[in-house]
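See below for the structure under consideration.
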Amino acid sequence: MRKKAAKAKNKTAAKKSAKKVVRLKAKKPAKKAAASNGLPRPSSKPWGQAGRALEDVKILDFTHVQSGPTCTQLLAYMGADVIKVERPGIGDFTRGQLRDVKGADSLYFTMLNGSKRSITIDSKHPKGKELLERLVKLCDVLVENFAPGALDRMGLTWEHIHELNPRMIVASVKGFGPGPYEECKVYENVAQCAGGSASTTGFRDGPPLVTGAQIGDSGTGLHLALGIVSALYQRLRTGRGQKVLCAMQDGVLNLARVKLRDQQRLKHGPLTEYSQYGEGIPFGKATPRAGNDSGGGQPGWILKCKGWESDPDAYIYFITQAPVWGAICDLIGKPEWKTDSDFATPPARLPRLRQIFDTIEQWTMTKTKFEVMEICNKHDIPVGPILSMKEIAEEPSLRATGTVVEVDHPTRGKYLTVGNPIKLSDSPAAVRRSPLLGEHTEEILRKVLRLSEKEVAEIRVSGAITAPEKPAKAAAA
Ligand code: COA
């Protein structure tokens with residue numbers, strides 16, 4: 001009975017909705033084309049000409065140094081309009097840090113702030129506060145990586161921002177999440193140490209090491225960008241913004257998760273893929289440093305290549321992947337290892353990794369790293385040349401893909417920057433040079449905030465966007 005009733009109800013509903021569709025068809029033929037999931041019809045424009053992924057998104061960028069700027073630069077590459085707010089006369093401190101060209105913004109700054117606009121606003125000046133509040137009302141996302149509490153001290157608490165603009169997403173990088181260290185200021189290497197990277201990097205008999213890759217700063221900026229894009233997506237359903245927080249300690253730990261994996265494996269016995277196992281050195285209570293051991297199940301090591309005596313980068317990472325073990329044995333002149341029970345299987349090889357890599361190295365030392373790469377790739381053996389930054393800067397394929405981009409700057413001339421490492425087939429990256437300090441202040445006042453010439457003139461002399469200037473009359477007097 002109940003089934004029958006339900007069927008009848010469904011039929012009526014279906015009829016009703018069919019009628020509704022017919023009505024819609026009759027009224028607005030264009031809507032007929034909309035897909036059943038509510039998305040517009042697939043664009044018929046050529047790939048890459050249908051706008052950029054984030055082109056309608058306005059970002060109020062309060063970031064400085066590296067972690068925050070990495071995030072907003074990526075969003076700008078994806079097409080967002082990133083308005084970087086800087087302190088008048090000073091700007092992001094990195095403009096002047098590690099300067100290589102006198103009087104020009106440093107590469108530290110220019111390589112992290114491409115494709116953005118710069119507005120100078122003194123956030124502690126009453127008029128500056130007013131401008132910021134107007135920008136908050138207009139933008140979609142506020143991104144900041146101040147020390148804990150700094151944004152609140154500017155009067156921009158989450159509650160106030162949410163009141164001004166309930167759709168605003170407020171995204172923050174902090175050193176630590178809630179807990180004993182949340183008030184601490186944090187830089188890259190502090191995060192690498194607190195996130196478990198340093199204790200697991202380096203050689204067993206040496207001190208902990210930090211890595212060259214900026215996993216604390218740039219890594220956390222990347223995490224934050226994902227949080228922002230997700231919040232923007234959720235906002236489509238909820239209509240409201242939310243807070244997005246990425247702690248640098250958490251970001252580093254996320255990237256070092258294999259070491260937390262190993263920490264738990266330790267309870268069940270030694271980590272057999274670590275060379276210390278083959279060397280008969282007992283494991284302690286925590287995941288040890290593993291030198292150049294591979295992080296996964298396929299043993300690997302860095303080996304010398306031809307020229308290593310004078311070239312610090314004449315090395316290759318060599319992985320003894322199990323399926324190509326036979327090919328490796330043939331190449332290095334050890335075909336007997338294919339059937340020798342001490343070497344034929346991965347478990348048999350684990351206690352002999354040192355001997356195996358020493359033998360492979362005798363072979364790699366007779367070739368340049370690029371020759372090893374070429375030979376090994378023909379046999380599907382995974383290897384990676386240790387590329388210097390000079391080699392990377394000069395690598396034509398990285399230029400061709402837009403991963404390394406040359407841009408022109410009015411005060412420093414041409415420089416290289418890293419373009420968008422994330423390639424979208426319908427949203428080509430928009431890589432432009434970094435802005436000069438306050439380069440777009442008046443443009444933003446006029447075109448974004450739509451202020452009149454009179455208002456702009458008043459603000460100019462107020463001290464909110466520049467060091468105070470005397471009005472012409474007063475100056476003449
Ligand atoms: N107008 C007026 N004042 C401004 C301003 C503007 N446009 N922009 C920034 N300021 C002020 C801030 O309000 C703050 O003042 P307050 O302390 O009186 O409130 C001050 O500048 C300095 O900000 P702060 O973030 O504390 O800078 P810092 O140089 O002391 O510390 C960090 C730098 C990176 C250690 C700190 O910002 C931090 O821990 N950030 C979070 C973690 C992080 O991102 N670290 C990685 C950096 S790559």
Side-chain angles (χ1 to χ4, degrees), residues 60-74 83-98 106 108-109 111-113 116-136 142-157 160 170-179 181-195 197 210 213-225 227 243-252 435 437-438 440-441 444 459 462-468:
L60 189 55
D61 180 8
F62 262 116
T63 68
H64 64 155
V65 209
Q66 187 182 161
S67 61
T70 302
C71 165
T72 50
Q73 180 169 262
L74 276 173
I83 299 173
K84 183 167 171 111
V85 180
E86 297 183 82
R87 207 187 320 208
I90 303 169
D92 186 328
F93 278 121
T94 61
R95 284 186 183 268
Q97 268 177 352
L98 313 178
S106 70
Y108 193 173
F109 177 84
M111 291 179 72
L112 282 162
N113 291 286
K116 305 179 186 178
R117 298 199 272 178
S118 165
I119 181 170
T120 47
I121 301 180
D122 180 348
S123 63
K124 291 174 179 159
H125 188 287
K127 196 81 195 164
K129 280 179 192 283
E130 201 185 301
L131 289 176
L132 281 175
E133 294 198 346
R134 294 176 76 158
L135 281 168
V136 165
L142 185 155
V143 192
E144 62 95 20
N145 67 311
F146 290 126
L151 195 66
D152 291 357
R153 288 195 288 277
M154 287 178 185
L156 289 173
T157 59
H160 187 48
V170 179
S172 305
V173 169
K174 294 289 166 261
F176 293 93
Y181 305 121
E182 68 184 306
E183 295 302 326
C184 300
K185 285 187 177 178
V186 170
Y187 281 103
E188 171 69 46
N189 290 344
V190 177
Q192 286 197 26
C193 295
S197 175
V210 294
Q214 305 286 282
I215 57 175
D217 280 341
S218 288
T220 309
L222 257 167
H223 283 93
L224 193 72
K243 287 190 273 185
V244 180
L245 170 68
C246 282
M248 293 168 73
Q249 181 185 39
D250 301 3
V252 170
L437 178 60
H440 305 99
T441 303
I444 292 164
I459 290 168
S462 71
I465 58 169
T466 54

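Order of listing sets the numbers, starting from 1, for every ligand and every atom in it.
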Show which atoms of ligand 1 fall inside a sub-4.0 Å distance from at least one heavy-atom site of [X].
X: Q66; value: 48 (S)
X: H64; value: 25 (O), 27 (O), 33 (C), 37 (O)
X: V65; value: 47 (C), 48 (S)
X: D122; value: 1 (N), 2 (C)
X: D217; value: 46 (C), 47 (C), 48 (S)
X: S67; value: 43 (C), 44 (O), 46 (C), 48 (S)
X: V173; value: 41 (C), 44 (O)

[atom]: which protein heavy atom is closest, and how many Å away?
atom: atom 9 (C) of ligand 1; value: F146 CE2, 3.4 Å
atom: atom 28 (P) of ligand 1; value: K185 NZ, 3.7 Å
atom: atom 15 (O) of ligand 1; value: K124 NZ, 3.0 Å
atom: atom 3 (N) of ligand 1; value: S123 OG, 3.5 Å
atom: atom 19 (O) of ligand 1; value: R153 NE, 2.8 Å
atom: atom 24 (P) of ligand 1; value: A147 N, 3.8 Å

Quick check for you: to the nearest 0.5 Å, what is the distance between [X] atom [atom1] and [Y] atom [atom2]?
X: N113; Y: S118; atom1: CG; atom2: OG; result: 9.0 Å
X: R87; Y: D92; atom1: CZ; atom2: CG; result: 10.5 Å
X: S123; Y: L156; atom1: OG; atom2: CG; result: 7.5 Å
X: R117; Y: I83; atom1: CZ; atom2: CD1; result: 5.0 Å

Next on the checklist: Give me the atom names and distance for the closest heavy-atom approach of A191 to M248.
Outcome noted: CB-CB, 3.6 Å
Item to check | Taking every non-hydrogen atom, the tightest pair across E133 and H160 | outcome: OE2-NE2, 2.7 Å
Checklist entry - Does a donor on one side chain sit under 3.5 Å from an acceptor on the other, for K116 and T72? => result yes
Next on the checklist: If only side-chain N and O atoms count, and only distance matters, is there a donor-acceptor pair under 3.5 Å linking Q214 with Q66?
Outcome noted: yes
Next on the checklist: If we ignore hydrogens and angles and just use 3.5 Å, is the side chain of S106 paired with the main-chain N or O of T94 as donor and acceptor?
Outcome noted: yes
Item to check | Check: G149 main-chain N/O paired with E183 side-chain donor or acceptor under 3.5 Å | outcome: no
Side chain, backbone, both or neither: [X] near ligand 1, heavy atoms under 4.0 Å:
X: R87; answer: both
X: E86; answer: backbone
X: V186; answer: backbone

Next on the checklist: Quick check on K127: does its NZ atom have over 12 non-hydrogen neighbours (other residues, nucleotides or ligands) under 6.0 Å away?
Outcome noted: no
Checklist entry - Heavy-atom distance to atom 41 (C) of ligand 1: which of T94, N145, V190 wins? => result N145
Next on the checklist: I'd like the name of whichever of D152, I121, L151 reaches closest to atom 7 (N) of ligand 1 through any heavy atom.
Outcome noted: I121
Checklist entry - At the 4.0 Å heavy-atom cut-off, does M248 count as touching ligand 1? => result yes
Checklist entry - Could a heavy atom of G68 be found less than 4.0 Å from some atom of ligand 1? => result no
Next on the checklist: So F62 and L132, do their side chains get closer than 4.5 Å, heavy atoms only?
Outcome noted: yes
Next on the checklist: So, regarding Y187 and ligand 1 (criterion: nitrogen or oxygen to nitrogen or oxygen, under 3.5 Å), is there a contact or not?
Outcome noted: no
Next on the checklist: If the threshold is 4.0 Å, N to carboxylate O, is there a salt bridge linking K174 and E144?
Outcome noted: yes
